[in-house]
Chemist: 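Here's a structure for you.
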Amino acid sequence: MTIKTVSTIPFTDQRPGTSGLRKKVSVFKQPNYLENFIQSIFDCIGGLHGKTLVFGGDGRYHNREALQVILRMAAANGLSKALVGQGGILSTPATSCIIRKYHLRGGIILSASHNPGGPKGDFGVKFNVENGGPAPEKVTNVFYERSLAIERYKIMEAPDIDIDTLGHSRLGDMDIEIIDPVSDYVELMEILFDFKKLRGLFSTGQFSMVYDGMHAVTGPYAKAILVDRLGAPEGTVIHGDPLPDFGGLHPDPNLKYAKELVEIMNSEVAPDFGAASDGDGDRNMILGKRFFVTPSDSLAILASKAEKIPGYRTGLKGVARSMPTSRAVDEVARYLGIDCYETPTGWKYFGNLLDAERATLCGEESFGTGSDHIREKDGLWAVLFWLSILAEERSSIEEIVRKHWRSFGRHFYSRHDYEDVDSQKAHELIDRLRGQLSDLKGQTFGNYCVRDADDFEYKDPVDGSISQHQGIRIFFEGDARIVYRLSGTGTQGATLRVYLEKFEANPERQGQETQEALAGLIKVADEIAQIKSFTGRDKPSVIT
Ligand code: G1P
Ligand code: ZN
């Protein structure tokens, strides 16, 4: 086997976004595109000799082919050992778990998370660092700089590696171990949660749930835990086989894309609990019988009940949420007397807080919840957390949430996305808002008077690094808020995200339907940002 050095020229668009480098499959399939980015990573992370990296992905189209290329490049670049999820499969949380458990140098995850797959869909590459979390911005910036200067990459000339059979093989000097993608993760869940108690919940015969794997990576994990370990009946896991095109589904667990699950949960014969995860298994959606739990409320409720869960019995050190996430968890933190951190959008910003033991639970409004057990958000972990609450309280999800609102107040919350809008117009909209910030204060729109407005800037309390332009925030009297930002994960045009939030302390007024409760604020959001005229759309493409 020989090592080949191939000359190449840089691509100018390899700057990682909110979560790794994400592009259309057709972009990744261009000659040298994947190779350039992988070589840029290898060039920046220092010597690979004596090191181990883990490799896997969400099973989407191009996963297996890309993995073969990456393994040949890893061997050519002197990596000593590669752990590879069997079949090229590893969920994002499982990868994080494995990096931490075996003290690895890091890992490469092939995924475009919740974006659609297939030949016309998206593909992505994420690098996770030693703590198991996504590479922070200062690291991904270095990858990007490198990608702009790259002149060659190294690859081993070798036949395809068998990635389907467990065990060891060699590629040049590199040891390859094909590992079971599920077992380390399941072991960690068994430490955090009381599986005996959860088995008790299913064995009553009084409790039922449906878990939607969305034909993405979590099916095998969910079956191993829910069916094999906890005794849930076969059929509990739907869309459980990972498929390269996700069976044509859009693997984003929300009310629009998890359509079949939502229909089941809204039906007369709905089970007690419904849940779904995304392409790579780090997101979660939680549903009760005809009841949707917003991810922001979910985080707050988990925080308020964490001490009942074995893994969190000693209490929470603090909590953290992304800025656009509702402030429901802030109320719980105040009640518990712990710190609550507000970070920019993207899980990578939680890493330092978790490492420094300042936060134990973290969450984002975008269906992401997690804790210090790993350094990624974790879909099935959230499901097990909710199951544990249900096993403890034996009441319905709806009752649990309504009770929470009565104690802490309700944060009516919704996100309106305008997808694939003209990129220039979207930037103009944000620039215009930025220019207006100082004039907005004191102005009244509808029933809402602006108390304050800014362009969110974050100073990491651990390493002091500063991240600017993380979203336009407009605060109103009476605790309402609108946030505007552009997505950093899209692959086509721009996506404008508008986050709407209104606090209601009075239990008598907490029963309203969300979009109705927010109707006035939705109008104000358009009036201030001129959304219709900039985007040419009269309604959002997705409402969550
Ligand atoms: C979106 C979400 C963000 C999440 C990220 C990766 O990023 O908004 O919270 O961390 O996906 O799952 P965005 O497209 O908004 O930049
Ligand atoms: Zn994801």
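Because only heavy atoms are used, hydrogens play no part in the values below, and waters and symmetry mates are left out as well, while side chains stay in. Just follow the structure's listing: the first ligand is 1, and inside any ligand the first atom is 1. Residues: numbered from 1 along the sequence shown.
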Chemist: Can you confirm, on distance only, whether ligand 1 has an N/O atom lying under 3.5 Å from any N/O atom belonging to Ser113?
Modeler: no
Chemist: For His215, which residues count as a side-chain hydrogen bond (donor to acceptor under 3.5 Å, both in side chains) partner, sequence neighbours excluded?
Modeler: none
Chemist: Give a yes or no on whether Ser113 keeps an N, O or S atom under 2.8 Å from the Zn ion (ligand 2).
Modeler: yes
Chemist: Less than 3.5 Å between some nitrogen or oxygen of His114 and one of ligand 1, yes or no?
Modeler: no
Chemist: Indicate yes or no: does an N/O atom of Ser19 lie under 3.5 Å from an N/O atom of ligand 1?
Modeler: no
Chemist: If you look at every heavy atom in His250 and Met214, which pair is closest and at what distance?
Modeler: O-CE, 3.4 Å
Chemist: May I ask you to check if any N/O/S atom from Asp280 comes under 2.8 Å of the Zn ion (ligand 2)?
Modeler: yes
Chemist: With nothing but distance in play, are any N or O atoms of Arg22 less than 3.5 Å from an N or O of ligand 1?
Modeler: no
Chemist: Do any nitrogen or oxygen atoms of Lys377 come within less than 3.5 Å of a nitrogen or oxygen of ligand 1?
Modeler: yes
Chemist: For the pair Arg473 and Asp455, find out whether any cationic side-chain nitrogen is under 4.0 Å from an anionic carboxylate oxygen.
Modeler: no
Chemist: Will you find, in the side chains of Ser113 and Asp280, an N or O donor that is under 3.5 Å from an N or O acceptor?
Modeler: yes
Chemist: Using a strict 4.0 Å cut-off to heavy atoms of Arg497, name the atoms of ligand 1 that fall inside it.
Modeler: 8 (O), 13 (P), 14 (O), 15 (O)
Chemist: Run the contact test for Gly346 against ligand 1 with a 4.0 Å cut-off on heavy atoms, strictly below, and give the result.
Modeler: yes
Chemist: Which of the atoms of ligand 1 are close to Arg415, meaning less than 4.0 Å from one of its heavy atoms?
Modeler: 8 (O)
Chemist: Is it true that Arg415 and Glu365 have a side-chain N and a carboxylate O under 4.0 angstrom from each other?
Modeler: yes
Chemist: In ligand 1, which numbered atoms sit nearer than 4.0 Å to a non-hydrogen atom of Gly488?
Modeler: 13 (P), 14 (O), 16 (O)
Chemist: Glu364 versus ligand 1: do any nitrogen or oxygen atoms come within less than 3.5 Å of each other?
Modeler: yes
Chemist: Below 4.0 angstrom from a heavy atom of Thr345, which ligand 1 atoms are there? Numbered from 1 as shown, please.
Modeler: 3 (C), 8 (O), 9 (O)
Chemist: Measuring from the heavy atoms of Met323, does anything fall under 4.0 Å of ligand 1?
Modeler: no
Chemist: Is there a nitrogen or oxygen of Leu486 sitting under 3.5 Å from a nitrogen or oxygen of ligand 1?
Modeler: no
Chemist: Side chains of Thr325 and Ser322: any donor to acceptor distance under 3.5 Å?
Modeler: yes
Chemist: Check Asp282 and report its N/O/S atom nearest to the Zn ion (ligand 2), by atom name.
Modeler: OD1
Chemist: Tell me whether Asp245 is salt-bridged to Arg60, with the criterion being a basic N under 4.0 Å from an acidic carboxylate O.
Modeler: no
Chemist: Between Lys24 and Asp122, does any NZ, NE, NH1 or NH2 come within less than 4.0 Å of an OD or OE carboxylate oxygen?
Modeler: yes
Chemist: Among Thr369, Asp378, Asp252, find the residue that satisfies the side-chain hydrogen bond (donor to acceptor under 3.5 Å, both in side chains) test when tested with Arg283.
Modeler: Asp252
